[in-house]
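Read through the structure below, which is laid out as structure tokens, and then see the notes.
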Amino acid sequence: MPDAPNAPLAAPLTAQRSRTVVVSFLGAVVRPMGGWMPIRGAVDLLTPMGLDAQSVRTAVFRLKRRDWLMPETRVGVRGYALTDTALAALAAGDEVIWHAREPADLADGWCVLSFSVPESARARRHQLRSRLTALGFGMMGGGVWIAPARMAAAAERAIGELGLTSRCALFVGRHVGGEQLSGLISDCWNLKEIDQQYQDFIGSCADLATTSDADEAPEGADAFTAYLGVIDRWRKLPYRDPGLPPEVLPEDWSGPAAGALFERLVAGLEEHALAHAATSWPTAAPHPPHVRKPASP
């Protein structure tokens, strides 16, 4: 069930969302803290987010099975370190998650991918659809997908990695006639739903937005909970936004406002949040918190 607008940032979590919160924690806290976490400290920090100890340990166990975490003891404290697999996956999502997709240039045109994958390879067909969705492609119908032209190289890599090159055809060109482009776009992407998710994010952070730059900005545990809550709510939204040219978007598109709010909240909360997280790390931990520098304007 999607989060309700204006729901508390640290509302109790369903089992399905426990892993997503832990993944957000790994990328936004564990990685800048040196890529290692004490398991007891992680439980203490995540409990206010609505997770209990068992939920955290279960999520960690599943991520360990996916080769994201490996057991490692530091200064006598049991914990887990991020693997190269986890670091690569987190790095791959950084540009999308932290800065969202820049709007494409309408003059660059579009890429269209057509594929026909037999039932015997349905697992790879599902993987391809998932990859295309994450890249920002919209479905025109059947096995035909479309995205701004800049995604052609990424799509070519995806079909190559899945061994489906011979089953796909990739085209790049301009829209020159037929159905109105704006109507075509609205059929391929659920723009109303994406915009509503941006509005929900803005609404859920409304109270925090009024205090983040003021003297009453949260500190300590409150800053940590707000920081991780903001990131966990935001993390999937940029992947659902294909970064379409402004000319084909509604005039009141909420994406830019939501993205600007996210970056402002992160900039205001991160230092206090990581300072609080450091109190749950062993005092002899070798890596101090690394605060992300704001993106250049």
Working for side-chain hydrogen bond (donor to acceptor under 3.5 Å, both in side chains), residues Ser280 and Asp44: CA-CA 8 Å; Ser280 294; Asp44 290 344; 5.2 Å; no
Do Tyr80 and Lys64 come close enough that some side-chain heavy atom pair is under 4.5 Å? yes
Apply the test side-chain contact (heavy atoms from CB on, under 4.5 Å) to residues Asp84 and Asp67: give CA-CA distance (whole Å), side-chain angles for both, the deciding distance (0.1 Å), then the verdict. CA-CA 9 Å; Asp84 289 343; Asp67 191 33; over 6 Å; no
Glu270 vs Tyr227, test: side-chain hydrogen bond (donor to acceptor under 3.5 Å, both in side chains). Steps then yes/no. CA-CA 6 Å; Glu270 184 173 37; Tyr227 173 68; 3.1 Å; yes
Minimal non-hydrogen separation, Leu181 against Leu106, with atom names: CD2-CD1, 3.8 Å
Give me each pair satisfying side-chain hydrogen bond (donor to acceptor under 3.5 Å, both in side chains) with a member in residues 182-193, each pair once, sequence neighbours excluded. Asn190-Glu193
So, Glu119 and Arg125, do they make that salt bridge, N to O below 4.0 Å? yes
Mind listing the closest non-hydrogen atom pair of Ala104 and Pro148 along with its distance? CB-CB, 3.6 Å
Can you find a heavy atom in the side chain of Pro246 that is under 4.5 Å from one in the side chain of Pro103? yes
Taking it one step at a time, do Thr133 and Arg240 satisfy side-chain contact (heavy atoms from CB on, under 4.5 Å)? CA-CA 8 Å; Thr133 299; Arg240 294 168 179 159; over 6 Å; no
Counting C-beta onward and ignoring hydrogens, is there a side-chain heavy-atom pair between Val144 and Leu113 closer than 4.5 Å? no
Quick one: pull up CH2 in Trp253 and CD in Gln199 and give me the separation to the nearest 0.5 Å. 9.5 Å
Could you check Asp52 against Ser55 for side-chain hydrogen bond (donor to acceptor under 3.5 Å, both in side chains), going step by step and ending with a plain yes or no? CA-CA 5 Å; Asp52 57 23; Ser55 297; 2.7 Å; yes
As an exercise, state the distance from CG of Leu90 to CZ of Arg31, rounded to the nearest 0.5 Å. 5.0 Å
Considering all heavy atoms, the nearest Val230-Phe201 contact: O-CE1, 3.7 Å
According to the side-chain hydrogen bond (donor to acceptor under 3.5 Å, both in side chains) rule, which pairs have a member within residues 164-179, sequence neighbours left out? none
Minimal heavy-atom distance between Ala258 and Tyr198, with the atoms involved, is CB-CD2, 3.5 Å
Non-hydrogen side-chain atoms of Pro242 and Ile194 separated by less than 4.5 Å: yes
Joint hydrophobic cluster, Val172 plus Trp110, side-chain heavy atoms closer than 4.5 Å: no
Side-chain contact test, heavy atoms from C-beta onward, threshold under 4.5 Å: evaluate it for Thr47 versus Val56 and give yes or no. no
Taking the inter-plane angle between the rings of Phe224 and His276 on a 0 to 90° scale, is it parallel (under 30°), tilted (30 to 60°) or perpendicular (over 60°)? tilted
Output the distance between atom CG (Leu249) and atom CD1 (Ile185), rounded to the nearest 0.5 Å. 8.5 Å
Worked check of side-chain contact (heavy atoms from CB on, under 4.5 Å) between Ile231 and Phe25: CA-CA 9 Å; Ile231 290 173; Phe25 176 69; over 6 Å; no
Please determine whether salt bridge (Lys or Arg N to Asp or Glu O under 4.0 Å) holds for the pair Arg131 and Glu161, giving the CA-CA distance in whole Å, both sets of side-chain angles, and the decisive distance to 0.1 Å. CA-CA 11 Å; Arg131 292 281 291 273; Glu161 290 169 1; 2.5 Å; yes
Exactly one candidate in Arg233, Lys236, Arg235 meets side-chain hydrogen bond (donor to acceptor under 3.5 Å, both in side chains) with Ser24; the answer is Arg235
Assess whether side-chain contact (heavy atoms from CB on, under 4.5 Å) is satisfied between Leu82 and Met70, documenting all intermediate values. CA-CA 7 Å; Leu82 296 173; Met70 60 181 178; over 6 Å; no
For residues Val248 and Leu191, determine if any side-chain heavy atom of one lies less than 4.5 Å from a side-chain heavy atom of the other. no
Is there a path from Val75 to Met33 through hydrophobic residues (I, L, V, M, F, W, Y) whose side chains come within less than 4.5 Å of each other? yes
List the residues meeting side-chain contact (heavy atoms from CB on, under 4.5 Å) with Met139, not counting sequence neighbours, and say none if there are none. Trp145
Could you pull out the closest heavy-atom pair between Val77 and Trp36, with the gap in Å? O-CZ2, 3.5 Å
In terms of heavy-atom contacts, Ile39 and Arg57 come closest through CG1-NH1, 3.7 Å
Is there a side-chain contact between Leu46 and Val21 in this structure, where contact means two heavy atoms from C-beta onward sitting under 4.5 Å apart? yes
Heavy-atom side-chain proximity of Asp241 to Leu237 below 4.5 angstrom: no
Gly76 backbone acceptor or donor facing Thr73 side chain under 3.5 Å: no
With rounding to the nearest 0.5 Å, note down the distance linking CG in Leu208 to CZ in Arg264. 8.5 Å
What's the separation between atom OG in Ser254 and atom CG in Asp200, rounded to the nearest 0.5 Å? 9.5 Å
Drop me the distance from Arg62's CZ to Trp68's CH2, to the nearest 0.5 angstrom. 15.0 Å
